[in-house]
2 protein chains.
Amino acid sequence: MEQRIDRIKKQLQSQSYKLTPQREATVRVLLEHEDDHLSAEDVYMLVKEKYPEIGLATVYRTLELLTELKVVDKINFGDGVSRYDLRQEGAAHFHHHLVCLECGAVDEIQEDLLGDVEDEVEKRWNFQIKDHRLTFHGICHRCHSEDPSS
Amino acid sequence: MEQRIDRIKKQLQSQSYKLTPQREATVRVLLEHEDDHLSAEDVYMLVKEKYPEIGLATVYRTLELLTELKVVDKINFGDGVSRYDLRQEGAAHFHHHLVCLECGAVDEIQEDLLGDVEDEVEKRWNFQIKDHRLTFHGICHRCHSEDPSS
DNA sequence: TTATCATTTGACACTCATTATCATTAAGCA
DNA sequence: TGCTTAATGATAATGAGTGTCAAATGATAA
Ligand SMILES: [Mn+2]
Ligand SMILES: [Mn+2]
Ligand SMILES: [Zn+2]
Ligand SMILES: [Zn+2]
């Protein structure tokens, strides 16, 4: 945790940004909720518990900054709010998502499954891939096993 | 074109919806811009050229209806507006997108490249896939060839 | 054709996530 | 200690999308 914050601090400083207390508090919330997909408002509420004076605009600005630095990815599941997803440190690719149409759960696939597909796209479409977004919509393992009618 | 509208009409009627003039005008705009990714506002402007009395709310309602019927897919490229993408008739899967970070162009891959990946996800994650969204971000073939520095 | 009634429409008010503004404060540095 | 710029918090503004409701439309039955 502390080491991770330290690396983010160095990343900020290398672009002459400061790791202010507000920014640190925000990063801590993101690290503590690594598996969740928090909206800006969610983050705001959680940061307020530890740092009540923080303003909503600061949270938005920090999340924007972290997105620029590729510390987080900004994603959208179509529910009207952007969500912020911590990237795995050192991971070359953004992880994939499984969205359950039944219960709304969002699970993650950290393993990269797109290697072959990306090779094909680069060759056949002459498109140089920098990043990707892959989401599957369906029925998760929990809903699947609990529903005998499927 | 006319046959396609006719099939959509039948699809509407099978759920006891009517193909009103406003709805037909909206569908025509979508068909005429099959390769584009229009926002609701875009659609509204284009429909107004042929049907100036139409209201914005009606366009939103029609797009919502067509999404329910799976005539279009509602997508989001992270620029703050939803976009509506006509589905290929009879296609089992939603097509993929190539978004160019350089020029902003959005190209399509109609071919399904995810067959093997989906089999693996269904087995290993016990997740029953109903739909998917796949977008690659990178440099398109046009920008790629015109830029000797890459 | 005409009466009936549910559906659809258009205008407009409203919500709410996000962004812009701006005066104030904090941090780094001479 | 001053000086300068970056960062913050409060608040206003923006803008996509939704809710409301009276009026118009369209299908159907008499
Ligand atoms: Mn995730
Ligand atoms: Mn498309
Ligand atoms: Zn589920
Ligand atoms: Zn391009």
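Chain letters run A, B, ... following the sequence lines, proteins first, then strands; residues in each count from 1.
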K.L.:
Going by side-chain hydrogen bond (donor to acceptor under 3.5 Å, both in side chains), name the residues that satisfy it together with A:Asp112, two or more places apart in sequence or in a different chain.
P.N.:
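With sequence neighbours excluded, A:Asp112 shows a side-chain hydrogen bond (donor to acceptor under 3.5 Å, both in side chains) to no residue whatsoever.
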
K.L.:
Tell me: CG of B:Leu66 to P of C:dT8, nearest whole Å?
P.N.:
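Rounded to whole Å, this separation is 13 Å.
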
K.L.:
Test of understanding: with side-chain hydrogen bond (donor to acceptor under 3.5 Å, both in side chains), list the residues that count as partners of A:Glu120, not counting sequence neighbours.
P.N.:
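So A:Glu120 forms a side-chain hydrogen bond (donor to acceptor under 3.5 Å, both in side chains) with A:Arg124.
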
K.L.:
Which other residues end up in the same hydrophobic cluster as B:Leu98, if Ile, Leu, Val, Met, Phe, Trp and Tyr are linked when side-chain heavy atoms come under 4.5 Å apart?
P.N.:
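For the cluster that includes B:Leu98, the remaining residues are A:Leu98, A:Ile109, A:Leu113, A:Leu114, A:Val117, A:Val121, A:Trp125, A:Phe127, A:Ile129, A:Leu134, A:Phe136, B:Ile109, B:Leu113, B:Leu114, B:Val117, B:Val121, B:Trp125, B:Phe127, B:Ile129, B:Leu134, B:Phe136.
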
K.L.:
Run the side chain to side chain donor-acceptor pair (under 3.5 Å) test on A:Asp85 and A:His95 for me, step by step, so that the C-alpha distance in whole Å, both residues' side-chain angles and the decisive distance to 0.1 Å come before the verdict.
P.N.:
CA-CA 10 Å; A:Asp85 206 352; A:His95 59 256; 2.8 Å; yes

K.L.:
Want to know the stems of DNA chain D: at least 3 consecutive Watson-Crick or G-U pairs with distances under 3.5 Å, which are they?
P.N.:
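The stems that DNA chain D takes part in, listed by first number, are C:1-30 with D:1-30.
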
K.L.:
Please determine if a side-chain N or O atom of B:Gln13 lies less than 4.0 Å away from the OP1 or OP2 oxygen of D:dA27.
P.N.:
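Answer is no, no contact under 4.0 Å.
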
K.L.:
What is the distance from OH of B:Tyr44 to P of D:dA16, rounded to the nearest Å?
P.N.:
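My rounded result for the distance is 13 Å.
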
K.L.:
Which nucleotides of nucleotides 16-30 of chain C have their base under 4.0 Å from a protein heavy atom (B), which only their sugar-phosphate (S), and which neither (-), written as one string 5' to 3'?
P.N.:
-SBBBB---------

K.L.:
In whole Å, what is the span from the CG atom of B:Asn76 to the C1' atom of D:dG17?
P.N.:
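Those two atoms, CG and C1', are 13 Å apart.
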
K.L.:
Could you check how far CG of A:Leu65 sits from P of D:dT8, rounded to whole Å?
P.N.:
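That distance rounds to 9 Å.
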
K.L.:
Could you tell me the separation between the CG atom of B:Asp42 and the P atom of D:dG15, rounded to a whole number of Å?
P.N.:
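Spelled out: CG on B:Asp42 to P on D:dG15 is 15 Å.
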
K.L.:
Can you tell me how far C1' of D:dG9 sits from CZ of A:Arg23, to the nearest Å?
P.N.:
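Going from A:Arg23 (CZ) to D:dG9 (C1'), I get 14 Å.
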
K.L.:
Check side-chain hydrogen bond (donor to acceptor under 3.5 Å, both in side chains) between A:Arg28 and all other residues, then give those that pass, not counting sequence neighbours.
P.N.:
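Testing A:Arg28 for side-chain hydrogen bond (donor to acceptor under 3.5 Å, both in side chains), a comparison that skips the adjacent residues, returns A:Glu2, A:Glu24.
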
K.L.:
If you measure from the Lys or Arg side-chain nitrogens to the Asp or Glu carboxylate oxygens, is any gap between A:Asp119 and A:Lys123 under 4.0 Å?
P.N.:
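So A:Asp119 does not pair with A:Lys123 through a salt bridge.
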
K.L.:
What nucleotide, of C:dG10, D:dA7, D:dG9, holds the atom closest to the side chain of B:Ile54?
P.N.:
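Between C:dG10, D:dA7, D:dG9, the one nearest the side chain of B:Ile54 would be C:dG10.
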
K.L.:
What residues, two or more places apart in sequence or in another chain, satisfy side chain to side chain contact (heavy atoms under 4.5 Å, CB included) together with A:Asn76?
P.N.:
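If we apply the side chain to side chain contact (heavy atoms under 4.5 Å, CB included) test to A:Asn76, skipping adjacent residues, the hits are A:Ser82, B:Asn76.
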
K.L.:
Could you check how far CD of A:Glu53 sits from P of D:dA10, rounded to whole Å?
P.N.:
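These atoms are roughly 9 Å apart.
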
K.L.:
If the condition is side-chain hydrogen bond (donor to acceptor under 3.5 Å, both in side chains), which residues does A:His93 pass it with, not counting sequence neighbours?
P.N.:
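Expected list: none.
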
K.L.:
Whole angstrom is fine here: how far is it from OH in B:Tyr17 over to C1' in C:dT9?
P.N.:
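The distance from OH of B:Tyr17 to C1' of C:dT9 comes to 16 Å, rounded to the nearest Å.
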
K.L.:
Can you give me every donor-acceptor pair (side chain of residues 45-60 of chain A, partner residue at least two apart or in another chain, under 3.5 Å) with its distance?
P.N.:
residue	atom	partner	partner atom	Å
A:Lys48	NZ	A:Tyr44	OH	3.2
A:Tyr51	OH	A:Gln22	NE2	3.4
A:Thr58	OG1	A:Arg61	NH2	3.4

